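Worksheet: the structure to be examined is printed underneath.
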Amino acid sequence: MPLTEHLRRLEAESIFILRETVAEFQNPVLLYSIGKDSSVLLHLARKAFYPAKPPFPLLHVDTTWKFRDMIAFRDETVARLGLDLRIHVNQEGISRGVSPVASGSALHTQVMKTEGLRQALDKWGFDAALGGARRDEEKSRAKERIFSHRTAAQGWDPKNQRPELWRVFDTRLARGESMRVFPLSNWTELDVWRYVAAENIPVAPLYFARPRPVVRRDGALIMVDDDRLPLRPGEKPEWRSVRFRTLGCYPLTGAIESEAADVAAVIAEMRAATTSERQGRLIDFDESGSMERKKREGYF
Amino acid sequence: MAPPALRFLTCGSVDDGKSTLIGRLLYERSLICDDQLANLERDSKKFGTTGAAVDFALLVDGLEAEREQGITIDVAYRYFSTDKRSFIVADCPGHEQYTRNMATGASHCDLAVLLVDARKGLLAQTHRHANIVALLGVRHVVLAVNKMDLVDYDRAAFARIVAQFEAARAALNFLSVTPIPLSARHGDNVCRPSANMPWHDGPDLLGFLETVDVEDRAARPLRFPVQWVNRPDADFRGLAGTLASGCVAKGDEIVVAASGGRSRVARIVAMGGDLDRAEAPDSVTLVFADEIDASRGDLLCDPRHRPEVADQFAADLIWMSEEALYPGRSYLLKCGGNCLPASVTEIKYRLDVETQAQIAAKKLGLNEIGFCNLALSRPIAFDAYADNRVTGGFILIDRATHGVAAAGVIRFALRRAQNVHPQALSLDKARRAALKRQKPALLWFTGLSGAGKSTIANLVEVALARRGVHTALLDGDNVRHGLNKDLGFTEADRVENIRRVGEVAKLMLDAGLIVLCAFISPFAAERRMARELVARDEFVEIFIDTPLATCIARDPKGLYQKALAGQIKNFTGVDQAYERPEAADIVIGADCVEAQQAADRIVGWLDARGFLAPD
């Protein structure tokens, strides 16, 4: 399927940003979170540097609570494409017993994702981290730069962002500072799916409807992916045809009931949707400003 | 095929309803999801300014500070689509102190929706924004006269504002201006024609945005800024980049603008298979028939239509830093893949954005716009911004803070850069220095007034003369009696003072001398400028680190006494800062109290590094 003019321009822009990152930084990394945005980002990176392989490693900050299908998809992707994947787990968090079940979403996210990411960036000395975040996901993301500066403590200062004109990016860093780079900034969820369809990009099977064991909890459908999820009194997993709009830690990621079993069906379903993508993300829900607060602390 | 997404911005004075308009557009098109609407209703009760009604501005004002203060601080990008078109909206701040963010938004857009409050008409900020969008090359404007409900949908009120804008737009070079009367709060003429304004025979806003054609149809010549050299192995060398304009086909001849090197396009490489042709704004990788010497920063182009290549040009600058612009100060200029030292040599005028008046200026402050001459450390290839928004736009980066100091749009290359070519000389610095059996060096003494710079520099020169070394000493006070007697002590004049001294020292270095410069030189930026005038290993920064209290106690010229009494303004250490060098080559501190001891140490340092022939 040929790309629409709109997607062709988005693709060209993202490729430009990826190349700019490689040209301007010493030690970039691509944050690979296994989701559809990461799949698209990885595909664009392959295009940007073809016939060379993407000249940076992939980093997965593993909270150890991802869906099993995500990990399988990750390992299969890396093997198929012959990529250099670095995996980091916040061992200190593990030894403290932090988990989404025991600690709640806020602490788990803070320790296993935000702190884990900071540890990994420090460990390998990455000065630029490419991520698949989009501005249409959430309000504070809507104001984030494509090249988004981070202090030496990995913090974000939303009130003091560098102006970003045309495609001329100010990539200068002082010692210890780093950059987060978002090549998909101008894509919408629908753009991502249309591009997945047009370019035939493999995505994790969890995006497609299939009977899965779920429990209804606090208004969300939570998949019982393994036996670590303690069932509350009266909860009994039932098999329903569900899929996921975004992927994260399975106890924190709500499924939607759906029959959409392929990309075309997903696109059709999304066009009729009346809820936003991050609705399934329990970690965003505390308050409207909560994403901004997490990002200031270093969350992606 | 569907037209490409329309990138537009909303701008206008604060409280004219920009965010409300976007919120309304999204709401009317059912583009607000249920969970977002639930958030919005909750937030409206908490922060809203609309009483019981939903406050649409809260949809787009994403940052906490914005929600608390009820204003838009930063550009927010919003995305929506209808059956006819996709839209990317830059929602820009109205407050004057955020003008730089508004310019940022405009640089990405082809159309501006300029909001005006029907009750207030055109305000200073409206003119400012019209000027900025025009300066940044936005050629299509919707004049959205908002809050028509508050003037009883009065046709005459609308007509007055339209006429007012017509008078102002003459100088702004817009291709189209489309006036639309509307009410963002109530939805009139936003997504459908308003029953309240049957007299309006033009389109409603969304209907217009869906169909407006903003594509640049002019045939532009090929511009391919080389972004990255792709060389995975010895067999492949490709130049990766994004076409800034024009198109390129297999077999086309191209030229590297700055060097004049030529070749033919052998392949246009893409992952899905080679292409025969690519056009702006495609991102591609080109392989050439010959090994051409080109790398990041080079501009490949059509040999028949070449860009300018120069190291001086005239440009409009939008100043974005809290720290004012002073001519002569060194910045990093980033244009395409080039990032190089540059300075403003002259501010021709500052633009009064309300009246378009051209005002003489010695500096540019935050949010001010000035027309300036710039000099670069080497020639680069570029186009006028009016011809090409990619190859004609640049930023200046502050070298200390690494922040964006300014956005610039190039008007034209300066003729003197085209016609003044460096004269190649038969004798060079190395030959001249070899005759003297010495290595040229610039010894830069910096420190507070009274620190002992001149005393120590003088002793060093005496010691060098005994060794048969040819030297020259430029001293702050002496230079100000002659070469720089037209300069005072303002920040701007201090910058120029050091620039001239640096250039003179450079000429003396070319003559093979060891040059000693003793200047307070309080600003790191100017010391860096002097350092960059000469070769890397020729500059020796010597910091005479005498405490301020000691200098005041010495006060050899009685100047501190006067400065402390308020009789001298801009006195370093009293009412003007001294920026301490962070990495001086030699620091003369408390361990070196005697001037002769300091001089001996400096001579020893030069000896150890081979600047002086053995005795």
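Within every chain, numbering begins at 1; the chains are lettered A, B, ... in the order of the sequence lines, protein sequences first and strands thereafter. Just so it is clear, the model here is predicted, and its values are computed rather than measured.
- Note on E13(A), E24(A), E177(A): by heavy-atom pairs under 4.5 Å with chain B, the leading option is E24(A).
- Minimum heavy-atom separation, G408(B) to W166(A): O-CH2, 3.4 Å.
- At a 4.5 Å heavy-atom cutoff, S14(A) makes no contact with chain B through either its backbone or its side chain.
- Looking at H149(A) and H402(B), their side chains never come closer than 4.5 Å, going by heavy atoms from C-beta outward.
- Within the 3.5 Å criterion, the main-chain N or O of L165(A) finds no donor-acceptor partner in the side chain of S107(B).
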- Message: Go through it in stages, so that I can follow the logic: the residues are E5(A) and R85(B), the test is salt bridge (Lys or Arg N to Asp or Glu O under 4.0 Å), and I'd like the CA-CA distance, side-chain angles, deciding distance and then a yes or no.
- Response: CA-CA 11 Å; E5(A) 186 60 28; R85(B) 198 169 206 177; over 6 Å; no
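- Looking at V269(B), the atoms closer than 4.5 Å to chain A (heavy atoms on both sides) all sit in the side chain, from C-beta outward.
- Looking at heavy atoms from C-beta onward, V168(A) lies out of side-chain contact with F394(B) at the 4.5 angstrom threshold.
- Within the 4.5 Å cutoff, the side chain of R167(A) has no heavy atoms near those of the V390(B) side chain.
- Within the 4.5 angstrom heavy-atom criterion, only backbone atoms of A270(B) (N, CA, C, O) approach chain A.
- How far CG of L190(A) is from OG of S86(B): 8.0 Å, rounded to the nearest 0.5 Å.
- Judged as a ring pair (Phe, Tyr, Trp, His ring centres under 6.0 Å), and not counting sequence neighbours, H108(B) has no contacts.
- Using a 4.5 Å cut-off between heavy atoms, V229(B) makes no contact with chain A at all.
- If you measure heavy-atom distances from R231(B) to chain A, you find no contacts under 4.5 Å at all.
- Within the 4.5 Å cutoff, the side chain of T242(B) has no heavy atoms near those of the I15(A) side chain.
- Heavy atoms closer than 4.5 Å to chain A are found in both the backbone and the side chain of Y77(B).
- A salt bridge between D282(B) and R8(A) is present, with a side-chain N of the basic residue lying under 4.0 Å from a carboxylate O of the acidic one.
- Checked for salt-bridge contact, K334(B) and E164(A) miss the test: no charged N lies under 4.0 Å from a carboxylate O.
- Contact of L243(B) with chain A is not made at all, since no heavy-atom distance falls under 4.5 Å.
- With rounding to the nearest 0.5 angstrom, the CD atom of Q161(A) is 10.5 Å from the OG1 atom of T104(B).
- In this structure, a donor-acceptor pair under 3.5 Å is present between the side chains of N186(A) and Y79(B).
- Between T171(A) atom OG1 and I397(B) atom CD1 the span is 6.5 Å, to the nearest 0.5 Å.
- Annotation: D213(B), atom CG; neighbour count of heavy atoms from other residues, nucleotides and ligands within 6.0 Å is above 12.
- Using a 4.0 Å cut-off between a side-chain N of Lys or Arg and a carboxylate O of Asp or Glu, R9(A) and E215(B) qualify as a salt bridge.
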Report all side-chain donor-acceptor pairs from residues 47-55 of chain A shorter than 3.5 Å, counting only partners two or more places apart or in another chain.
from	atom 1	to	atom 2	distance (Å)
K47(A)	NZ	E11(A)	OE2	2.6
K47(A)	NZ	E199(A)	OE1	2.8
K53(A)	NZ	G82(A)	O	3.1

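- With a 4.5 Å cut-off on non-hydrogen atoms, L7(A) does not touch chain B at all.
- Under the 3.5 Å distance criterion, with hydrogens and angles disregarded, a donor-acceptor pair is assigned to the side chains of R19(A) and T285(B).
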